[in-house]
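Quantities reported herein were computed from a predicted structural model and do not represent experimental measurements.
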Amino acid sequence: MNSMQCQRDSSRGCCVPPLPLLLSLLLLFLSPGPGQAVIHFPPNYEMPDILQPPVILRQPESTLAFSVDDITLTCEASGIPTPTFRWVKDGRAFDPSSDPQLSMAPGSGTFSVTSSDGTISQYHGNYSCYASNDLGTAVSNQVQLVTENTPVLQKEKHIRKKVSEGDSVVLTCNPPHSTEPPLIHWMDDKLTHIEQSDRVTQGQDGNLYFSHVILDDSRSDYSCHAQYITARTILPKEPITLTVSQSNTVVRNRKPHMVRPTGSRSSYLALKGRTFELECIPQGFPTPSVQWVRKDGELSETRTSTQSSDRLLRFSNITEADGGEYQCLARNAQGTATHTYTVSVEAAPYWTKRPESELYSPGDTVKLECEAEGIPTPTVAWSMNGNLLSDVDPDPRRSVQGGTLILMDVKLSDTAVFQCEASNSHDTILVNVYVYILKVPPQILTEDRQTYRVTEGQTALLDCKTFGSPRPTLKWDGEHSTIMSDPRVSQLNTGALQISNVSHDDSSSFTCTIHDTALSITALLEVLNRTVIVTPPQALRVQSGHEAVLSCHAQVDPKLDPPQFQWRMEGQKLFASSNGKKYTFKDHTLIVSNVQPDDAGEYTCEVITALDKAEAIGSITVVARPEPPSLPDLLEQRNRSVFLSWIPGEDNHSPILEFVVELEEQRFGAGKWEKAIQVPRDVEETEVTLRPFGTYRFRVIAVNDVGRSNPSDVSDVHTTPPAAPESNPKGVRSESTESDVLVITWEEMDKKNFFGPEFQYKVMWRKAGSHQDSDWEHEMATTPPVTVPNAGTFTDYEIKVQAVNQKGEGPEPSPVTGHSGEDVPLEPPLDVGVILFNSTAVRVKWAPINQESVQGHLHGYRVHLYKDHVEKGRREEHDTVLVVQTRANEETKLLEGLQPYSHYSVTVTVFNSKGEGPHSDPLPFRTLEGVPSKPTSLRLDSPSETEMIVHWTPPAQVNGVLTSYLLEYHQLGEGKDKQLHEKRIENPSASHISVGHLDPHSHYLFSLRGRTSAGEGDAIVKEGATLLAGVAPGNINTSVSETSVNVSWVTGARYRNVGFHIFHKEIHGDTEWIESEELNSTQSFYELHDLQPGSVYLLHFKFGNHTFWEINITTEGQNKNSGVWKGMTGGFATEGWFIGIISALVLLLLVLLILCSVKRSKGGKYSVKDKEAGQVDSEARPMKDETFGEYRSLESDNEEKQTASQTSLCVASKVGSEGNLMQYAHGVGVDSHNDASFADQYSDQGAGPGPETQEGLGDSSPVTSVAAPPVSPGLPSSEVLA
């Protein structure tokens, strides 16, 4: 229980009070372990009513008080029973209740005094508070109460200084003394801070130092303002006049001279943790520059800084390491001045080990350790209930060893509050710690029949938490008697039962009992299957930039919740990437995107359940193409081969599979590398076979699963000697295109197979069928082809081509058969005939052609089809309709897509590569008759309600002789008679037919088709119905405007068109009916125009002599014939009433302007009496506020007053007048390091408080004044404005 009284490490301030003892006991729980004797009440322990030692909650604080201040010393404590309080002042008992000037706070030791009750100087001294009850006494920190009078200014003389340009000057301040040093501000009479620089510096003593003066430094308003923070007072000193006269000679330069501090060395003592400053102010001309150095080391960059133009070296949170020697160097063109500072750092006492208040059982041994550090080393002293142990009766069970207080075999009567105090020359710190001896009955705190789940192989801990003083003794029993003797089972000091390496057989119940009591609980142990990873992540080999997928499958006991999968790389936990660019988790799978070399390593899959964890390790190896082999070397060079060796490169985590040797033949294939040989991965040299007459270079490429490496460096050049060709060109053939010419060609050989210089082709030929010994004609060529003239038309030849170079000829080639050039065929095919298939197709046949007449290779036949035009029985002309081509062995062709009953003729030709031969004689024929196309149009006309006339036009393509038409029709719609009616029209020239006896209420579907001897053609279809007798239109609507009305209506779809009229007349007035022209029921709308606005009209709709609809309408707008309209058209601008209203408004406006002008001439003034009342004549005003500087500017005050007084539209309120603030100069100052904020606390120089402002400074104002005689008549020495 950490309920030790809270103390500060110094004599000032107060810490946050601790919780009451009882609440602290209830919040903390910790069973005592070995060697611990303290008692910690657990939260679920049934607490008895116990007493509490006193604990100080609020400490008193050291205070500086002035004669006008109130004083309060606080001392509050908790405890049961409620503590009593007493005070000690300067080592003697002090009873605040006996002093009628002091008031006590009920229930605490706090007392206070009000300055209005009398003087407070008698309360100056050192105080300690003691809080006591039946269990002991707690002691507060010792605090100091300092009292003094509020600082005031004494009468001073006006100081005037006259110096020459370039002189060094010091303006002294000498503020009134106070325990708390004031803040100094040098200002002018406009309350603006004197600008400081490296030439003009304010020292820590408050004086203003001029390294050298210039003419612009002349002024009569150098004023020192002393600000006393605690006293809430600002004192302005008498202004100093500085006059700088111009030198008659050139200003002489002066080397630097130290004015603060003086001399060459000085020593300083600083306290650890505080802010400490070293000052260096030189004089000289030109202005010296200042540099700080540490003579025995380097300046700390984090704890030191320079300010005030480097004249100040500031240490923040100074430490022992900052102790040493520092030097200030002041330099100008004339020389250097130095000053050495010796800084010693000491420390007030601070705790390194503090004792804690605890509860103990009878018989325990108590050790209270108390250790403190400081410079010089503090002394540690123990007190009991506020009395030094040396003043308490000795007890052999109580001893002090160093700073440790030992109490052995404690008893209930040993309960007390002990104080440990550490002190040195700088401060004293104190801590209260109580020792509370208790005896409480035992209790079992663990819940009964609690179930503990573990997995196989784990260690089970069955809790049996107890509490009591003295500590209870426990005993465990198992359901199986043999389990307790198992070496895996042990009872811990905490009372828990531990079972190591559990198995399913250990699932059982166990009982915990407190010795010599009936208190016991039962614990249930359940052993589950351990979590096992059945499919661990694999060892992956992944290329850079690719994706890696690691899977991890686990088996978990079904009684457990689904597990959590956690992935780690090299032990570091992985998290899903926000943008999915690196790691993605899907169930039991980890996906690593864009794998890079940094992703290589071991990946651990952790399967975590509520009870256990299993893990397995996989890996990612980033593989890449192998590094290129190095140092290719020619070991043995031969005529047709070379031995090549190399050194393999790195495989980049993917084993090399093979090596590929490439070569470049520079003579005929420069820049073209080709594969020479592949060898296994364990071969590092090989023989490469080469061709004769070649210049070769070599390189080697390594291959692994990822790909091929970059090529190695290129080897040296190797050249093979020439040899006779070992092969002949391929593709030897004839490509003769001209008659009587033989053209022999072949595929050129690769130059690499030339095998020597002066390479040529020997081309040979002779007629086919010649004797075996017949001579070959030949010709030498370097490129194909070779042309042989006078070779006859399509004559067979034997031809061959042989490779030849300087070393000899290639092998003897085998001859092939070729032909000389072709010519066009000489004859057409014979026996051409036509077989009619149907009306659109015929088959053409002919006899095979004589091959000799073809004069070349027969490529096939062409069938030419012509369309004949026959007029009056004669064929006039024909057009080519179709040309089809057949194969060489095909002597028949089917022609389709012909027009029925049409005249055609056909011819057949033979063609070879040279072209077509002559046409056969034309064979005319006519296609068979076909069915006609559908009629081109169909129109229905209804002369009556039961009759329909069907009109049509003939088919566009008759395709034969039209013999008749067939008309079919039937009714449409549900429930109608669907009987099909037919009418045969035998007259092929007819164009219409009448159909009667139709149902006027039905629609019909009509179809019409033509007929030839080949049959009936396609039908044209149209739906229709007879027209009914016309009726008047219905669903009439009107749309009215000012001078017209639009009338619309709807007519039935099957009704005949009828005519009707619209009659209209104005109802009011003696007007005639106006009749429209005859309207057609199918036109759907009509407009009546030339109507009068704002008039009512009656509309009649007549069909024949019958009115079938009527309506009243009113046009929009104003009726121009009404009396109101006629009155308005005269214009109201000429009416007398309107002129009178305008005149009255103008007169009223003039009166208001005159009144405003008179009021302005009298406003914004105030009396001299009010002005004088607004001035304040006092030297200083103490402020009740806690901080200086929270002054509202007079300018903002004036703005607020002006806003409040602006109640008139034309009076401009002017509160206050100019020229007042100069009477309040020398009023307030602030810290010289906060110039800007200080100046803002004064009002603008052109404004001053007016009457309303001064009225606000009444009894409720927090500003009071301290009287002091003025320095000069009519000019107060100081003011405080609020």
Can you confirm whether Thr927 sits close enough to Ser839 that some side-chain heavy atom of one is under 4.5 Å from a side-chain heavy atom of the other?
no
Listed once per pair and sorted, the ring pair (Phe, Tyr, Trp, His ring centres under 6.0 Å) pairs that draw on residues 728-749, sequence neighbours left out:
Trp746-Tyr761
Once you round to the nearest 0.5 Å, how far does CZ of Arg691 lie from CG of Leu663?
8.0 Å
Can you tell whether the side chains of Glu658 and Lys675 come within less than 4.0 Å, N to carboxylate O?
no
Could you pull out all residues at least two apart from Glu986 that satisfy salt bridge (Lys or Arg N to Asp or Glu O under 4.0 Å)?
none
Report, one line per pair, each donor and acceptor closer than 3.5 Å where one atom sits in a side chain of residues 881-888; sequence neighbours left out.
from   : atom 1 : to     : atom 2 : distance (Å)
Gln885 : OE1    : Arg862 : NE     : 2.9
Gln885 : OE1    : Arg862 : NH2    : 3.3
Thr886 : OG1    : Tyr861 : N      : 3.3
Thr886 : OG1    : Tyr861 : O      : 3.4
Thr886 : OG1    : Glu890 : O      : 3.3

Would you compute the distance between atom CD of Glu627 and atom CD of Glu650 and round it to the nearest 0.5 angstrom?
7.0 Å
Within the 6.0 Å centroid threshold, strictly below: Tyr969 and Phe1006:
yes
For a quick test of reading the model, state the closest non-hydrogen atom pair linking Glu916 to Val824 and the distance between them.
O-CB, 4.1 Å
Relative to each other, are the rings of Phe911 and His859 parallel, tilted or perpendicular (30° and 60° limits)?
perpendicular
Quick one: are Leu865 and Leu898 in side-chain contact, heavy atoms under 4.5 Å?
yes
Find out whether Ser544 and Gln596 are in side-chain contact, i.e. whether some heavy atom of one side chain is under 4.5 Å from a heavy atom of the other.
yes
Could you tell me which non-hydrogen atom of Ile677 sits nearest to which non-hydrogen atom of Val688, and how far apart they are?
CG2-CG2, 4.3 Å
If you look at every heavy atom in Pro918 and Pro828, which pair is closest and at what distance?
O-CB, 3.2 Å
Atom CD1 in Ile744, atom OH in Tyr797: separation rounded to 0.5 Å?
9.5 Å
Contact check, side chains of Val788 and Trp765, non-hydrogen atoms, under 4.5 Å:
yes
For residues Val706 and Asn652, determine if any side-chain heavy atom of one lies less than 4.5 Å from a side-chain heavy atom of the other.
no
Working to the nearest 0.5 Å, report the span between OG of Ser920 and CG of Leu830.
9.0 Å
Distance-only donor-acceptor hits, side chain of residues 639-649, under 3.5 Å, sequence neighbours excluded:
from   : atom 1 : to     : atom 2 : distance (Å)
Arg640 : NH1    : Glu726 : OE2    : 3.3
Arg640 : NH2    : Glu726 : OE2    : 2.7
Ser641 : OG     : Glu687 : OE2    : 2.9

Taking only Lys NZ, Arg NE, NH1 and NH2, and the carboxylate oxygens of Asp or Glu, determine whether Lys672 and Glu674 approach each other closer than 4.0 Å.
no
Salt-bridge criterion met for Arg766 and Glu798 (N-O under 4.0 Å)
yes
Report the distance from atom CG of Asp796 to atom OG1 of Thr817, rounding to the nearest 0.5 Å.
6.5 Å
Find out whether Asp921 and Val832 are in side-chain contact, i.e. whether some heavy atom of one side chain is under 4.5 Å from a heavy atom of the other.
no
Show every ring pair (Phe, Tyr, Trp, His ring centres under 6.0 Å) that has at least one partner inside residues 698-719, sequence neighbours left out.
none
Does some side-chain heavy atom of Pro632 sit less than 4.5 Å from a side-chain heavy atom of Arg699?
no
Correct closest heavy-atom pair for Met749 and Phe759 would be SD-CZ, 3.7 Å
Distance (rounded to the nearest 0.5 Å) between Arg984 CZ and Glu968 CD:
8.5 Å
Classify the angle between the aromatic ring planes of Phe925 and Tyr904 as parallel (below 30°), tilted (30 to 60°) or perpendicular (above 60°).
parallel
Show me the pairs that pass ring pair (Phe, Tyr, Trp, His ring centres under 6.0 Å) and involve residues 816-838, at least two apart or across chains.
Phe794-His819, His819-His857
